[in-house]
Amino acid sequence: MPRRILIIDDQDDLASVLTKEFTALGHFVKVTENRDAALALTDLKSFDLIITDLHGESLVSNLESNGQEDIHCLPAPVENANGDVKAFKICLANYGPEDFDENEINKLVTTTLNYKAKFIDRQSEIVTRHEKIDFEVPSVISLMHDILDYLMKRVEKLGVVNLEQSNLFVALDEAFVNAVKHGNKFDTGKLVKISVEVSPDQATFMIEDEGDGFDVESIPDPTKPENLFKTSGRGVMFIYNIMDEVTYNDRGNRLTMVKKSQKKQ
């Protein structure tokens, strides 16, 4: 069915190609050049999909008094933003569960990621770039795979890891699947929020679900003899062994992981 799509792109990298692509599929596409223009829209909540692709100074806005409840669909402001900062976000928070179509969602997200990958590295400042990448998407495993593939390419491109020599994929896959399976229990009405910051020095990943959470200390130690044949706890152990820093919030539904650049170690 036709969807309402908002694209916020200050350099027209994605706007033109995605407008053409999505319009051909029968969707309505609205384009703004900056976040303030998007926040000024009176029908912001009516958009099923919001895609933002902002750069440098465009990330800084006066947001305190706008009263918009949908601000979470837009990138957070970045203090002291400069020309090397890029923020990219896909938000499906307003996508109606009453007419949920997994194949349609996959096509929208995959198309966006494929085109984004074509434009992002045309500039020469890649060696000093700081990227903010955010997703707010329904609890769909196939979406997690597409997002994971994109993120792995970004951390390799910025020099954080060499994919052939790193188990980063294993840790992220475990975290993403846990959020969908154990956190949100495959409920497509609940969102998985993925927030990533990547620079040549390190990559920070935050994964949050809308589940009840858990106490990480209560997980059986999979290295003890009595737990060797139990599957519970192994994924968390992999994450701790692969990542340089791992923290959970008190509720246990938000996981933050840091992977430092192999060049810095």
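Ring orientation note: the planes of Phe88 and Tyr150 are tilted relative to one another, at an angle of 30° to 60°.
The backbone N or O of Arg254 lies less than 3.5 Å from a partner atom in the side chain of Asn249, making a donor-acceptor pair. The backbone N or O of Glu210 lies less than 3.5 Å from no partner atom in the side chain of Asn253, so there is not a single donor-acceptor pair. Side chain of Asp146 to main chain of Thr110: no donor-acceptor pair is present (N/O by atom type, distance under 3.5 Å, no hydrogens or angles). Although no hydrogens or angles enter the test, the distance criterion places no donor-acceptor pair under 3.5 Å between the side chain of Lys193 and the main chain of Met206. Under the 3.5 Å distance criterion, the side-chain polar atoms of Asn178 are left unmatched by any main-chain donor or acceptor of His182. In this structure, Asp9 contributes its side chain and Ala15 its backbone to a donor-acceptor pair below 3.5 Å. No donor-acceptor pair closer than 3.5 Å links the side chain of Asp209 to the backbone N or O of Asn184. Distance alone, capped at 3.5 Å, is enough to place a donor-acceptor pair between the Thr111 side chain and the Lys107 backbone. Asp149 places no side-chain N or O within 3.5 Å of a backbone atom of His145 that could act as its donor or acceptor partner.
With salt bridges taken as basic N to acidic carboxylate O contacts below 4.0 Å, one links Lys132 and Glu197. Asp43 has a carboxylate O that lies under 4.0 Å from a charged side-chain N of Arg4, or vice versa, which qualifies the two as a salt bridge.
Between Ile242 and Lys259, the shortest heavy-atom distance links the atoms O-NZ, 2.9 Å. Listed here is the closest heavy atom pair of Ser139 and Lys190: OG-O, 2.8 Å.
The same ILVMFWY cluster, assembled from side-chain heavy atoms under 4.5 Å apart, contains both Phe100 and Leu143.
Looking at residues two or more places apart in sequence or on another chain, you find no salt bridge (Lys or Arg N to Asp or Glu O under 4.0 Å) involving Glu21. Partners of Arg3 according to the side chain to side chain donor-acceptor pair (under 3.5 Å) rule, which considers only residues two or more places apart in sequence or in another chain, are Tyr95, Asp99, Glu104.
A side-chain donor-acceptor contact under 3.5 Å links Asp134 and Ser195.
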